[in-house]
Amino acid sequence: MKLTVRSPSNIALIKYWGKLGDQLPCNPSVSFTLTHAFTEMSFELCDKNSSEDIELVFFFEGLENQKFQDKIIKFILKEKEYFKNVLSKKIILNSKNTFPHSSGIASSASSMSAMVYGLLALDFKLSHKSDEVSSQTFLNLASRLSRLASGSASRSVFPGVVLWGDYKDIGTNDCAVDVSHMVDSRFLTFRDTIVIVSKNEKSVSSRAGHGLMENHPYREVRFQEARKRMDELLMAMKNYDLEAFIKIVEKDALDLHGLMMTSEPSFMLIEAKTIDCIKKLRTFRERTNIPVCFTLDAGPNLHVLYPIEYREEVVAFLTQLDLPLIHDEVGKGSEIYE
Ligand code: DP6
C-alpha cells in the first residue's frame, strides 16, 4: 500500500511560546497556513521481516536519516493505539521539503503533520474506513496527534486561519480549529514573502525555547497578554481593520524575541539585518500607506504579510533589500496528494 501526503508549514500571528504537560500550550495561538512551503512525504507499507513492535525506515531527500527516524519511532510507539494497523507492516517513509533548510520556515510543523496525516490515513484505510479519511473526526485526530509530535504542527492540518489552544468556546488545547469563517475572506488570499536575512540560522531547539518560559519573570503577563491580543486580533480580522492587525501581529513577533532576550539564559536570534529590514519596512509603509507588516518565527528571517493586491509594490520594495526572497501565500492544510 502506498500514499503521498503534502502538508504545509504555517506562520503564527499570535505565537505559541511556553507549554505545559503533554504538549499543551500556555496560551492560544493563531496562524496562517501556507501554500508553497510544504513537506511531501510518501509512505509505503510492506510485509514485516521481524517481530519487533515497529519496523520503520525514514529517508530525507533520498538519504536515510537516523535522527529523524528515531524521533518518529519514539512518537509512534508512544501513540501506538492509533497506529495498530500500520504497525503490523513495515513502514518506509520518504520525505522532502519544498523550502530550504534554515529559511525561517518551520519544518517541524509541515513534517510532523505530514507524518501523522499519512500514517493515520493508512491506518484508517487498513481498517476499511477509507471514506472517513478527511472527515472532521479524522482531521481533529490528525491535528491532535500532530500536536503531540510538535505543537505548531497541530495548526498545519487545517486551511486558512487556524487557532490552537483553550480560547472561549472557540479553541481547545486538544487540537487546532479552522477559524477562517470568523475572519474577513480577504485574509484568505494574503501573501507572505520571507526575507532570508541569514542562512546560518542559530536556532534554539523548540524544547529549550519553550522551557525557558517556565521560570520567565514575564511569564504570567505574556500569557494574559496573548489571550487579550487574541480577542483584539480576531476582531481586527473580522472587521478587516488592517491598522489594528498590523499593530498586533508586529507586537507579538517582537514579544517572542523580547522574551528570548530576557530569559535566563538570554539568547538573541534576530540580527542587525533583521532590525534594518524592519525599519525599512516601516518607512515604506509610512511613505506608501500600503498595509504591510512583518512577523518572525524563532529565527532572524522576516515573514512579510500583505494583501494580494499590493504584491507588485511590496515585491518591488523587498527586491531592493537585495536579500533572497521566498514567496508564499495563505493556503489549504494537509492533503493526500496521490
Ligand atoms: C516560535 O511547535 O516548534 O514557531 O511543540 O516543541 O515542537 P514544539 O514547538 P514548536 O514551537 C513553535 C514556536 C513558534 C511559534 C508558533 O509557531 O506558534
Side-chain angles (χ1 to χ4, degrees), residues 7-34 37 39 67-68 71-72 74-75 78-79 97 99 101-116 143-158 161-165 167 171 173-177 179 192 194 201-214 216 222-223 225-227 229-230 233 248-249 251-261 263 267-270 274 294-303 305:
S7 193
S9 187
N10 67 75
I11 179 70
L13 305 171
I14 303 234
K15 314 287 178 184
Y16 146 58
W17 199 241
K19 56 176 147 180
L20 292 164
D22 202 3
Q23 290 278 101
L24 302 172
C26 293
N27 65 267
S29 58
V30 68
S31 56
F32 279 145
T33 294
L34 298 178
T39 293
K67 198 172 145 212
F68 215 72
K71 194 176 167 185
I72 293 176
K74 198 169 154 205
F75 167 76
K78 185 166 164 267
E79 306 304 333
N97 296 335
F99 49 93
H101 181 63
S102 296
S103 57
I105 298 174
S107 64
S108 74
S110 60
S111 58
M112 290 300 149
S113 54
M115 185 264 294
V116 166
S143 171
R144 178 172 175 272
L145 291 170
S146 298
R147 176 205 108 213
L148 293 167
S150 174
S152 55
S154 65
R155 299 186 306 241
S156 279
V157 173
F158 296 105
V161 182
V162 185
L163 187 147
W164 168 48
Y167 179 67
N173 282 349
D174 197 47
C175 65
V177 58
V179 292
D192 174 10
I194 301 140
E201 200 167 328
K202 301 184 288 316
S203 76
V204 58
S205 83
S206 51
R207 193 201 285 169
H210 289 287
L212 290 173
M213 285 307 290
E214 263 165 45
H216 200 290
R222 160 64 191 165
F223 302 146
E225 190 63 23
R227 218 158 269 128
R229 223 170 256 172
M230 185 66 81
L233 184 73
I248 299 161
V249 168
K251 224 193 261 181
D252 211 71
L254 294 173
D255 260 8
L256 170 71
H257 286 264
L259 289 163
M260 293 175 184
M261 291 184 221
S263 65
F267 60 101
M268 203 181 292
L269 298 182
I270 52 170
T274 313
F294 70 88
T295 186
L296 300 158
D297 227 324
N301 301 324
L302 243 60
H303 285 249
L305 308 174

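First listed ligand is number 1; within each ligand, the first listed atom is number 1.
Atom 6 (O) of ligand 1 has as its closest protein heavy atom Lys19 NZ, 2.7 Å. Regarding atom 13 (C) of ligand 1, its nearest protein heavy-atom neighbour is Tyr16 O, 3.5 Å. Scanning all protein heavy atoms for the shortest distance to atom 7 (O) of ligand 1 gives Ser150 OG, 2.7 Å. Of the protein's non-hydrogen atoms, His210 NE2, 3.0 Å is the one closest to atom 9 (O) of ligand 1. The protein heavy-atom contact nearest to atom 17 (O) of ligand 1 is Arg155 NH2, 2.7 Å.
The shortest N or O to N or O distance between Asp297 and ligand 1 is under 3.5 Å. Remark: ligand 1 and Lys15 share no N or O pair separated by less than 3.5 Å (distance only, no angle test). Some N or O of Gln23 is nearer than 3.5 Å to an N or O of ligand 1, by distance alone. Geometrically, ligand 1 and Trp17 share no nitrogen or oxygen pair separated by less than 3.5 Å.
Shown here are the side-chain hydrogen bond (donor to acceptor under 3.5 Å, both in side chains) partners of Asp252, two or more places apart in sequence or in another chain: Arg222, Arg229.
Applying the 4.0 Å criterion to heavy atoms of Gly151 picks out, from ligand 1, the atoms 2 (O), 5 (O), 7 (O), 8 (P). Counting the atoms of ligand 1 from 1 in the order shown, those under 4.0 Å from a heavy atom of Ser152 are 2 (O), 3 (O), 10 (P), 17 (O).
Ring geometry, Trp17 versus His210: the interplanar angle falls from 30° to 60°, so the pair is classed tilted.
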